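Structure first, then comments.
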Amino acid sequence: MNDFITITTLFCFIIKPFEGMVILENYSQYKDQLIDAEFISSVGGQVYLTADEIKANGVLMYWKNKEVEASIKYPQYNNFSKHYFMYKDDIWKSKVYQIIKKMPKGAALHIHSSMSLDPDTLMTFTYEDHLYICREPGYVNYKFFKTTPSKLCSSKWSLLSELRSVASNVTLFDVELRRHFTLVTDSIEEQNADINYIWDKFNKIHKTIKGLIGYRPVREKFIHAALKKFYEDNIMYIEIRSGLQKLYELDDSVHDQMYLVEMYKRVTQKFIEEHPDFIGIKLILTSHRKKDLKLVASDMELACKLKNEMPNLVAGYDLVGQEDLGNPLSYYLPTLKENQNELNFYLHGGETNFYGTSSDENLFDAIFAGTKRIGHGYALVKHPYLLNIVMQKDIAVEVNVVSNVVLSLVRDVRNHPLATFLALDLPIVLSSDDPGVWEADPLSHDYYIAFVGVASKHADIRLLKQLALNSIKYSVLNDADKERAFGIFNKKWNIFIKEVNNFQEY
């Protein structure tokens with residue numbers, strides 16, 4: 001409120017009536033003061049920069065300004081007004097991206113487990129022994145088994161290695177398999193398809209991947225490969241949403257859900273031994289929002305049990321799936337409130353373009369249920385009263401820019417509500433949702449597009465640093481682990497600043 005009064009007073013001082021006319025006195029100076037005041041009140045505006053950081057900021061902003069100005073001058077070449085799939089393969093050419101790629105990003109707090117790994121890595125698992133395949137309408141069913149599976153399938157089960165060996169063109173054979181692991185397409189029609197079409201395709205990809213990684217040895221390799229991908233993108237900690245799939249062995253014996261939790265713990269500990277500057281992971285257990293109330297209550301009971309048994313690994317609970325077609329949070333509210341003291345909630349809310357609908361009003365229910373963070377919060381910009389509550393209660397909003405484009409919420413990222421969230425200094429964390437399915441970097445693509453395509457032209461390295469710091473601040477790490485994470489981040493950040501100042505092409 002004080003900032004508003006100050007800015008209003010400044011505006012009143014700028015414009016003075018005189019003999020029926022308005023005289024602008026020292027307008028340029030006052031305008032600069034207003035811009036500075038607005039910047040200071042935005043995300044990152046109060047970050048202090050050292051002399052080395054100021055120098056690095058000069059390098060970064062030189063390249064950012066060139067990109068933004070080129071977009072203004074030649075709008076026909078402005079990538080950010082196009083679908084992400086049309087320019088994602090050109091992002092690496094950007095000098096700003098090359099800088100951001102090297103930047104330590106802290107944590108990724110909104111990641112769905114089975115959709116976190118790229119299709120090329122998934123394809124390597126299709127070369128494992130004993131893998132059978134059966135084609136279903138719109139997706140592929142995978143099953144590892146000693147002999148032909150008896151599991152029902154709408155077509156014939158075949159040993160994948162045999163099909164590949166008799167294929168006239170193995171490259172084309174694999175291209176066909178790979179397309180079931182990704183939403184990426186050159187088709188303009190598909191890029192502009194309606195949200196239900198995209199979600200239907202997305203869910204079929206999920207079925208395909210889930211079948212491939214349900215086999216215990218493959219899931220173990222999958223987890224390690226995903227950790228490596230995120231680590232290579234300069235991420236030190238991940239919070240992973242998982243429905244805890246029951247893994248199986250080659251003889252079709254099935255493990256309980258606790259087994260996957262133990263696997264995550266074991267694989268992560270091994271990865272930390274290999275990379276001591278990696279902090280680790282935590283799991284946010286999930287249920288699909290199309291489940292009935294009894295099943296969700298059972299899932300929450302399991303989540304409470306696992307959290308009590310493994311408090312250092314299991315962080316909390318969420319409901320996932322397309323909000324517009326799923327049950328609203330209000331349907332689950334009695335059970336959520338019942339478990340509010342036992343579980344921390346990190347609830348999806350407002351991942352919709354509709355206003356005043358049950359999916360939009362999930363935001364109200366998420367806050368009422370005591371969510372610690374809001375997943376997506378895309379519709380939050382339409383609710384000024386809730387915006388105030390989010391700021392007062394310091395509820396972080398997990399923004400996933402690329403996901404919102406791919407899943408048909410926004411066409412031109414310059415119109416993304418993140419721009420308003422940043423200007424209002426909301427507690428924002430950037431994440432990537434399901435980066436493997438749209439073949440994005442684990443986090444660098446979202447940072448780059450948010451920085452150049454969404455944020456103000458004036459937004460600089462202070463914004464990037466604050467977003468990375470926010471990801472640690474709003475994580476579920478305890479105070480001691482946060483302190484350690486901040487220490488590691490600061491060391492990596494100082495190395496990054498030196499690299500930027502040695503950037504050869506400036």
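Quick caveat, the model's predicted, so the values are computed rather than measured.
- When atom types are taken as modelled, the side chain of Asn362 and the backbone of Gly350 share no donor-acceptor pair closer than 3.5 angstrom.
- Applying the salt bridge (charged side-chain N to carboxylate O under 4.0 Å, His left out) rule to Asp32 yields no partners; only residues at least two apart in sequence or on another chain are considered.
- Within the 4.5 Å cutoff, the side chain of Leu343 has heavy atoms near those of the Cys304 side chain.
- A salt bridge does not link Glu301 to Lys305: none of the charged side-chain nitrogens sits closer than 4.0 Å to a carboxylate oxygen.
- The distance from atom CE of Met300 to atom CG of Leu293, rounded to the nearest 0.5 Å, is 7.5 Å.
- Counting non-hydrogen atoms of other residues, nucleotides and ligands closer than 6.0 Å to CD of Glu189 gives a total of 12 or fewer.
- Aromatic ring orientation, Phe202 versus Trp438: parallel (interplanar angle below 30°, classes split at 30° and 60°).
- In this structure, the side chain of Gln98 engages the main chain of Trp92 through a donor-acceptor pair within 3.5 Å.
- Minimum heavy-atom separation, Ile195 to Leu407: CG1-O, 3.4 Å.
- Between Gly321 and His288, the closest heavy-atom pair is CA-NE2, 3.8 Å.
- Looking only at atom types and distance, the side chain of Ser359 has a donor-acceptor partner in the side chain of Asp324 under 3.5 Å away.
- The nearest pair of heavy atoms linking Asp425 to Ser41 is CB-O, 3.1 Å.
- Heavy-atom contacts from other residues, nucleotides or ligands closer than 6.0 Å to NZ of Lys491 number 12 or fewer.
- Taking CZ of Phe354 as the reference point, atom CG of Asp360 lies at 10.5 Å (rounded to 0.5 Å).
- When side chains are defined from C-beta on, Phe39 counts as touching Asp460, because their heavy atoms get closer than 4.5 Å.
- Inter-residue side-chain proximity for Val184 and Lys88 is flagged as met; some heavy-atom pair is nearer than 4.5 Å.
- Distance alone, capped at 3.5 Å, places no donor-acceptor pair between the Glu53 side chain and the Ile497 backbone.
- A distance of 8.0 Å separates CE of Met103 from CD1 of Ile461, quoted to the nearest 0.5 Å.
- Between Leu333 and Leu329, the closest side-chain pair of non-hydrogen atoms is not below 4.5 Å.
- The residue from Leu283, Ile284, Asp433, Leu109 that alone fulfils the side-chain contact (heavy atoms from CB on, under 4.5 Å) condition with Arg241 is Ile284.
- Looking at Gln191, its side chain does come within 3.5 Å of a backbone N or O of Thr185 through a donor-acceptor pair.
- Rounding to the nearest 0.5 angstrom, the gap separating the OH atom in Tyr447 from the CG atom in Leu467 is 5.0 Å.
- In this structure the side chain of Phe271 never reaches within 4.5 angstrom of the side chain of Ile281, judged on heavy atoms.
- Although no hydrogens or angles enter the test, the distance criterion places no donor-acceptor pair under 3.5 Å between the side chain of Asn339 and the main chain of Glu342.
- Around the NZ atom of Lys207, the shell of radius 6.0 Å holds no more than 12 heavy atoms that belong to other residues, nucleotides or ligands.
- The CZ atom of Arg462 sits 12.0 Å away from atom OH of Tyr48, with the distance rounded to the nearest 0.5 Å.
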The test is side-chain contact (heavy atoms from CB on, under 4.5 Å); show your working for Ser475 and Glu239 and say whether it passes. CA-CA 8 Å; Ser475 72; Glu239 293 184 5; 3.4 Å; yes
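- Classification of Asp233 and Lys229 as a salt-bridged pair fails, no side-chain N sitting under 4.0 Å from a carboxylate O.
- Taking the ring centroids of His383 and Phe364, they lie under the 6.0 Å cut-off.
- Atom NZ of Lys228 sits in a sparse spot, with 12 or fewer heavy atoms from other residues, nucleotides or ligands closer than 6.0 Å.
- Of the possible polar contacts, none joining the Lys307 side chain to the Asn344 backbone as a donor-acceptor pair under 3.5 Å is found.
- At least one side-chain heavy atom of Tyr317 sits under 4.5 Å from a side-chain heavy atom of Ser287.
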Check against side-chain contact (heavy atoms from CB on, under 4.5 Å), Ile238 and Leu227: CA-CA 9 Å; Ile238 316 168; Leu227 294 178; 3.9 Å; yes
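- A salt bridge does not link Glu67 with Lys95: every distance from a Lys NZ or Arg NE/NH1/NH2 to an Asp or Glu carboxylate oxygen is 4.0 Å or more.
- Within the model, atoms OG of Ser113 and CD1 of Ile223 stand 8.5 Å from one another, a figure rounded to the nearest 0.5 Å.
- A donor-acceptor pair is defined here as one N or O able to donate and one able to accept, closer than 3.5 Å; no such pair exists between the side chain of Ser242 and the backbone of Leu285.
- A donor-acceptor contact closer than 3.5 angstrom links the side chains of Gln466 and Asn470.
- The local environment of CD in Glu309 is crowded, with over 12 non-hydrogen atoms from other residues, nucleotides or ligands closer than 6.0 Å.
- Proximity of a side-chain donor or acceptor of Ser432 to a complementary backbone N or O of Pro442 within less than 3.5 Å is detected.
- Proximity of Phe80 to Val68: side-chain heavy atoms (C-beta onward) are nowhere separated by under 4.5 Å.
- Enclosure of atom NZ in Lys372 is not indicated, since only 12 or fewer non-hydrogen atoms of other residues, nucleotides or ligands lie within 6.0 angstrom.
- Using a 30° and 60° split on the angle between ring planes, Trp493 and Phe496 fall in the tilted class, from 30° to 60°.
- Nearest heavy-atom pair across Ala455 and Leu422 is CB-CD1, 3.9 Å.
- Side chains of Gln322 and Asn196: a donor on one and an acceptor on the other come within 3.5 Å.
- No donor-acceptor distance shorter than 3.5 angstrom exists from the side chain of Asn415 to the backbone of Arg411, with no hydrogens or angles considered.
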Under the criterion side-chain contact (heavy atoms from CB on, under 4.5 Å), I'd like the reasoning laid out for Tyr331 against Asp292: C-alpha separation, chi angles, the key distance, then a yes or no. CA-CA 9 Å; Tyr331 173 68; Asp292 67 35; 3.9 Å; yes
Determine whether Ser431 and Glu398 satisfy the following criterion, side chain to side chain donor-acceptor pair (under 3.5 Å), listing intermediate values before the conclusion. CA-CA 6 Å; Ser431 199; Glu398 305 162 350; over 6 Å; no
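- When all heavy atoms of Tyr87 and Lys82 are compared, the closest pair comes out as CE2-O, 3.6 Å.
- Other residues, nucleotides and ligands contribute only 12 or fewer heavy atoms inside 6.0 Å of the CG atom of Asp479.
- Across all their heavy atoms, Pro119 and Thr182 have their closest contact at CG-CB, 4.1 Å.
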For Ser114 and Lys210, run side-chain contact (heavy atoms from CB on, under 4.5 Å): C-alpha distance rounded to whole Å, both residues' side-chain angles, the deciding distance at 0.1 Å, then the answer. CA-CA 7 Å; Ser114 57; Lys210 190 175 178 181; 5.6 Å; no
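- Without hydrogens or angle criteria, Arg289 side chain to Leu319 main chain gives a donor-acceptor distance under 3.5 Å.
- Looking at Ile472, Val476, Ile488, Asp481 one by one, the single match for side-chain contact (heavy atoms from CB on, under 4.5 Å) with Tyr237 turns out to be Val476.
- Counting only heavy atoms from C-beta outward, the side chains of Asp394 and Lys473 approach each other to under 4.5 Å.
- By the 30° and 60° cut-offs, the orientation of the rings of His376 relative to His348 is tilted.
- The side-chain contact (heavy atoms from CB on, under 4.5 Å) with Asp299 is formed by just one residue from the set Lys291, Lys294, Gln257; it is Lys291.
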